[in-house]
J.: 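Quick one: structure below, then a few questions.
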Amino acid sequence: MVILGIESSCDETACAVVKDGTQVLSNVVYSQISLHQPWGGVVPEIASRAHVEKISGVISAAVDEAVKGGEIKGLSDVDAIAVTYGPGLVPALLVGLSAAKGLALSLGVPIIGINHIEAHLHTPFLESAAEPERYMPALGLAVSGGHTSWIDMPEYGSYRIIGQTLDDAAGEAFDKAAKLLGLGYPGGPVIDREARKYEGSDFIRFPKGRPRPGTAALAGLDAELCTSFSGLKTSLLNYVRSVRGADGAIPEIPRICASYQRAIVASIADRTATALKRRRYRSLIVGGGVSLNGALREALANVAENAMVDLLLSKPKYCGDNAAMIAGLAYYRRNVIGDAAFAADVSPSLEAGD
Ligand code: KG4
Ligand code: ZN
């Protein structure tokens, strides 16, 4: 079954054609990073305008690429359209959803609405022979610019959030720190790069992302499985103020980045290790842009080894937002799980499991 997927929830306009859930025939991503860079973060109005401008070209490019590969002859070989309905920026989501509806209607094929976070957890299965069901029950970890969530997956297609950040997501914590340090946007890759330059072991002591007592319970969550990165950000701000020179220059950027990254990685690794003790899992499935982080990948490998579970990470090209994960998951939603909701509208805040 050939599914064309569309993703436009944030600042990537993406389209992909995927066969049978894992065979990626094309994967086109137009990144808007350069448009948002001057603002130090994603501006929803700029994002939705850029989606409108780019979406047709991105869809055509994805179809052309799939045709070149010889697996399909054209759009008429597409069996269904998959699209992200949430969570994300509403004006941005609407662009993808409208394009998907138009395409599905004109081709006379079904449309499948996909949850973006759930799709991030499908990425390790792209271009892989691994059968998702064989890795269940799994602990899912979604770490991106908008989310840091621990998800209990008793079987493929069934999700329950058991922990999450109570304020900033991990990616957001990286992005805000980079802005504060004058390192540009997005922050994750540049902090990762700067941190590698530090070869010492004299790390600055930053808080390890523990939520304030009582705050997790208010959200109906277990504090042991939650993070809070807002205190970490304030602590970085205070540190920078204390060391900034008269000329405004910040000394020891690599050491600051390594210490800050270490605090984020330690807190994610710690909550993951705790979650893995909560039931007998077979695997730890990780997805999202922050899973590109070298130190995090290493820490999670240790956590998985100690818990004796398989670690499933995605290929770097599928860590960030893309549409292959949307089209891939749609196949399982429709053919394996037997649930393919028609996405009649977008949803800015739907979490996995809703
Ligand atoms: O999954 P993604 O592309 O978009 C969302 O769904 O949010 O994730 C983007 C986030 C950004 O916050 C970015 O700074 C972060 O992923 N990121 C990283 C790295 N590469 C991207 N964070 C840490 N280390 C990296 N190497
Ligand atoms: Zn994402």
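Indexing begins at 1, ligand by ligand and atom by atom, following the structure's order.
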J.: Judged by non-hydrogen atoms, does Q261 sit under 4.0 Å from ligand 1?
T.: no
J.: Distance-only criterion, 3.5 Å: show the donor-acceptor pairs between side-chain atoms of residues 16-24 and protein atoms not counting sequence neighbours.
T.:
{"residue": "K19", "atom": "NZ", "partner": "E71", "partner atom": "OE1", "Å": "3.1"}
{"residue": "D20", "atom": "OD1", "partner": "M1", "partner atom": "N", "Å": "2.4"}
{"residue": "Q23", "atom": "NE2", "partner": "E71", "partner atom": "OE2", "Å": "3.4"}

J.: Between K179 and E172, does any NZ, NE, NH1 or NH2 come within less than 4.0 Å of an OD or OE carboxylate oxygen?
T.: no
J.: So which of S291, G188, G171, P87 gets nearest to atom 22 (N) of ligand 1, if we judge by its closest heavy atom?
T.: G188
J.: With the threshold set at under 4.0 angstrom, would you say C10 reaches ligand 1 through any of its heavy atoms?
T.: no
J.: Closest heavy-atom contact between C15 and I59?
T.: SG-CA, 3.8 Å
J.: Suppose we screen for salt bridge (charged side-chain N to carboxylate O under 4.0 Å, His left out). Which residues come up paired with E305, at least two apart in sequence or across chains?
T.: none
J.: Which residue from V29, T123, D192 reaches closest to atom 26 (N) of ligand 1 through any of its heavy atoms?
T.: D192
J.: Would you please name every residue forming a ring-ring contact (aromatic ring centres under 6.0 Å, His included) with H120, sequence neighbours left out?
T.: H116
J.: Identify which protein N/O/S atoms are less than 2.8 Å from the Zn ion (ligand 2).
T.: H116 NE2, H120 NE2, D321 OD1
J.: What do we get for H147 next to ligand 1 when only non-hydrogen atoms under 4.0 Å count, side chain, backbone, both or neither?
T.: neither
J.: Below a 4.0 angstrom heavy-atom separation, can you tell me which part of D175, side chain or backbone, both or neither, approaches ligand 1?
T.: side chain
J.: For atom 16 (O) of ligand 1, tell me which residue out of A173, S9, G289 has the closest non-hydrogen atom.
T.: G289
J.: State, to 0.1 Å, how close A295 and V265 come at their nearest heavy-atom pair, and which atoms those are.
T.: O-CG1, 3.8 Å
J.: Checking contacts here: is it the side chain or the backbone of N293 that comes within 4.0 Å of ligand 1, counting heavy atoms only? Could be both or neither.
T.: both
J.: Ring of F203, cation from R205 - is the NZ or CZ under 6.0 Å from the centre and inside 45° of the axis?
T.: no
J.: Identify whether NZ of Lys or CZ of Arg in R282 sits under 6.0 Å from the centre of the six-membered ring of Y135 and within 45° of that ring's axis.
T.: no
J.: Is the shortest distance from a Lys or Arg side-chain nitrogen in E194 or K197 to a carboxylate oxygen in the other one below 4.0 Å?
T.: yes
J.: Do the ring planes of H122 and Y156 sit parallel (below 30°), tilted (30 to 60°) or perpendicular (above 60°)?
T.: tilted
